[in-house]
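Every heavy atom of this structure was used, including side-chain atoms; hydrogens, water molecules and symmetry mates were not. Just so you know, ligand 1 is whichever comes first in the structure, and atom 1 is the first atom listed for that ligand. The residues of the chain are indexed from 1 along the displayed sequence.
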Amino acid sequence: MSTTSDPNAKRVSSPEPGASPPVLEARSVFRMRQMEGREVPIVRDVSFTLQKGEFATIMGPSGSGKSTLLHMLAGLDRPTAGDVLVSGEALSSGDEEFRAAVRRRRIGFIFQFFHLLPDLTVHENVTLPLRILGQNPKKHRDRVDSLFELLGVSKLRDRLPSALSGGEMQRISIARALVTQPSLVLADEPTGNLSSKAGEEVIGLLRDVCTRLSASILLVTHNPRDAAAGDRVMFLHDGALLPQSELKGGPFDVADVFHRLQELDV
Ligand SMILES: Nc1ncnc2c1ncn2[C@@H]1O[C@H](COP(=O)(O)OP(=O)(O)OP(=O)(O)O)[C@@H](O)[C@H]1O
Ligand SMILES: [Mg+2]
């Protein structure tokens with residue numbers, strides 16, 4: 001973990017000695033990209049922590065940098081500057097292999113476009129992360145079965161993804177994200193490709209299942225209804241968080257989120 005003696009450095013929380021570190025911590029994270037020959041900040045000085053059991057959402061318009069940020073938090077991309085710590089492990093301190101190892105052990109990722117492998121059955125898709133960890137899915141049969149049960153998808157286990165509805169595919173993606181019992185679940189617009197009703201069900205299920213399994217959730221979205229489901233809503237504008245605008249003490253009425261968006265007028 002890097003330390004700094006710069007008196008102007010942003011203060012970030014450090015765990016008390018002996019206390020467990022936050023599930024996720026972003027410390028002054030930046031991501032620059034080349035655009036039309038210039039280096040442009042896509043994510044700017046993002047700092048926050050996510051504690052065990054929290055369900056936080058980041059609300060931001062299209063192009064505000066949500067996916068770019070989430071990919072860095074998952075170790076799928078590296079910050080240009082700053083640190084990401086997952087359960088106290090600094091992703092920046094290691095190479096790609098180290099980041100992949102942290103990701104496989106600690107993080108479940110849910111994508112907008114599901115990313116299920118088309119030639120594998122639902123059961124094979126869900127248990128793939130276990131195989132990648134070198135574990136035999138048969139040894140975890142009870143846990144996998146109860147996950148299928150919790151998500152209401154037991155009957156779908158032998159189907160191919162092409163025979164599923166969007167809502168079913170996203171439930172399967174949630175099962176796949178949770179099968180390794182991660183402490184952190186990151187979700188990128190998980191309802192972006194679903195009808196309003198299926199989206200609402202998926203968010204409700206995600207919340208319920210993560211609570212039961214004691215996983216923390218960070219969900220990014222441009223949908224105020226999804227954001228309102230969080231215990232906490234952060235707002236991202238032009239790659240920067242607006243910390244004064246954060247909503248705490250949710251879940252919220254969707255009108256609360258709309259009201260805050262109107263106040264922000266960004
Ligand atoms: N590989 C890339 N190279 C250059 N610019 C990129 C790249 N990926 C994203 N961007 C730009 O970075 C900005 C943020 O993109 P990002 O995908 O993080 O936004 P987002 O908030 O997830 O948007 P959406 O809601 O549409 O998914 C956009 O202006 C986008 O054009
Ligand atoms: Mg995106």
Side-chain angles (χ1 to χ4, degrees), residues 24-48 50 55-84 86 91-92 96 99-100 103 107-116 166-167 169-170 173-174 176-177 184-196 198-200 202-203 206 217-230 232-243 245-247 252 254 257-258 260-266:
L24 176 67
E25 183 167 1
R27 293 183 175 177
S28 231
V29 169
F30 285 80
R31 182 67 166 89
M32 311 293 290
R33 283 199 191 280
Q34 283 284 340
M35 276 188 177
E36 294 161 11
R38 283 191 312 130
E39 282 269 291
V40 178
I42 303 293
V43 169
R44 297 184 287 140
D45 200 11
V46 167
S47 296
F48 70 91
L50 186 71
F55 178 2
T57 60
I58 294 184
M59 166 95 215
S62 183
S64 56
K66 302 183 298 295
S67 297
T68 307
L69 173 62
L70 211 61
H71 287 188
M72 292 189 288
L73 300 176
L76 293 164
D77 184 22
R78 299 187 75 155
T80 310
D83 267 327
V84 173
V86 177
L91 293 183
S92 56
E96 168 52 33
R99 290 201 300 280
R103 200 159 62 230
I107 302 175
F109 202 98
I110 300 168
F111 298 89
Q112 176 176 356
F113 296 102
F114 319 127
H115 289 205
L116 298 174
M169 282 197 229
Q170 202 54 300
S173 311
I174 294 172
R176 179 186 54 187
L184 172 64
V185 174
L186 300 173
D188 190 355
E189 304 268 8
T191 68
N193 273 318
L194 304 181
S195 68
S196 172
E200 211 160 326
V202 159
I203 295 292
L206 186 61
I217 313 177
L218 177 68
L219 179 152
V220 301
T221 182
H222 64 245
N223 182 332
R225 191 205 58 216
D226 292 356
R232 184 175 155 202
V233 186
M234 294 175 267
F235 292 86
L236 190 72
H237 176 61
D238 264 351
L241 283 181
L242 306 171
S245 305
E246 185 172 325
L247 289 168
F252 305 91
V254 69
V257 179
F258 273 119
R260 183 54 52 94
L261 284 169
Q262 274 172 341
E263 281 173 358
L264 291 173
D265 195 26
V266 289

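- Scanning L69, I42, D77 for the heavy atom closest to atom 12 (O) of ligand 1 points to I42.
- Taking atom 23 (O) of ligand 1 as the reference point, the nearest protein heavy-atom neighbour is G63 N, 2.8 Å.
- The protein heavy atom nearest to atom 17 (O) of ligand 1 is S67 CB, 3.9 Å.
- Of the N or O atoms in S62, one or more lie within a sub-3.5 Å distance of an N or O in ligand 1.
- If you check which protein heavy atom lies closest to atom 15 (O) of ligand 1, you get T68 OG1, 3.8 Å.
- Shown in contact with P61 at under 4.0 Å from a heavy atom are these atoms of ligand 1, numbered in order with element: 21 (O).
- The shortest non-hydrogen separation linking L91 to M72 is CD1-O, 3.9 Å.
- The heavy atom nearest to atom 2 (C) of ligand 1, out of those in M32, H71, R31, R33, is found in R33.
- Here T68 does not reach the Mg ion (ligand 2): none of its N/O/S atoms is less than 2.8 Å from the metal.
- Residues D238 and S64 are not in side-chain contact: their nearest non-hydrogen atoms beyond the backbone lie 4.5 Å or more apart.
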Report task. Check the pair F30, D45 against side chain to side chain contact (heavy atoms under 4.5 Å, CB included), reporting the backbone distance first and the verdict last. Result -> CA-CA 5 Å; F30 285 80; D45 200 11; 3.5 Å; yes

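- S64 counts as a contact of ligand 1, since one of its heavy atoms falls under 4.0 Å from the ligand.
- Salt bridge status for E39 with R33: absent, with no side-chain N to carboxylate O gap under 4.0 Å.
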Query raised in the report: Are R99 and R78 close enough, and set up right, to give a side chain to side chain contact (heavy atoms under 4.5 Å, CB included), and what steps lead you there?
Result: CA-CA 10 Å; R99 290 201 300 280; R78 299 187 75 155; 3.3 Å; yes

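- With atom 21 (O) of ligand 1 as the reference point, the heavy atom nearest to it among K66, M72, Q112 is part of K66.
- Relative ring orientation between H115 and F111 is described as parallel, the plane-to-plane angle staying below 30° on a 0-90° scale split at 30° and 60°.
- Residue M35 approaches ligand 1 through these ligand atoms, each under 4.0 Å from one of its heavy atoms: 5 (N), 11 (C), 29 (O).
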**Report entry** Trace of the side chain to side chain contact (heavy atoms under 4.5 Å, CB included) decision for H222 with K66
**Finding:** CA-CA 9 Å; H222 64 245; K66 302 183 298 295; 4.3 Å; yes

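- Contacts between E189 and ligand 1, counted as non-hydrogen atom pairs separated by less than 4.0 Å, involve the side chain only.
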Requested in this report: Show the numbers, then the answer: is there a side-chain hydrogen bond (donor to acceptor under 3.5 Å, both in side chains) between R225 and S196?
Outcome: CA-CA 10 Å; R225 191 205 58 216; S196 172; 3.2 Å; yes

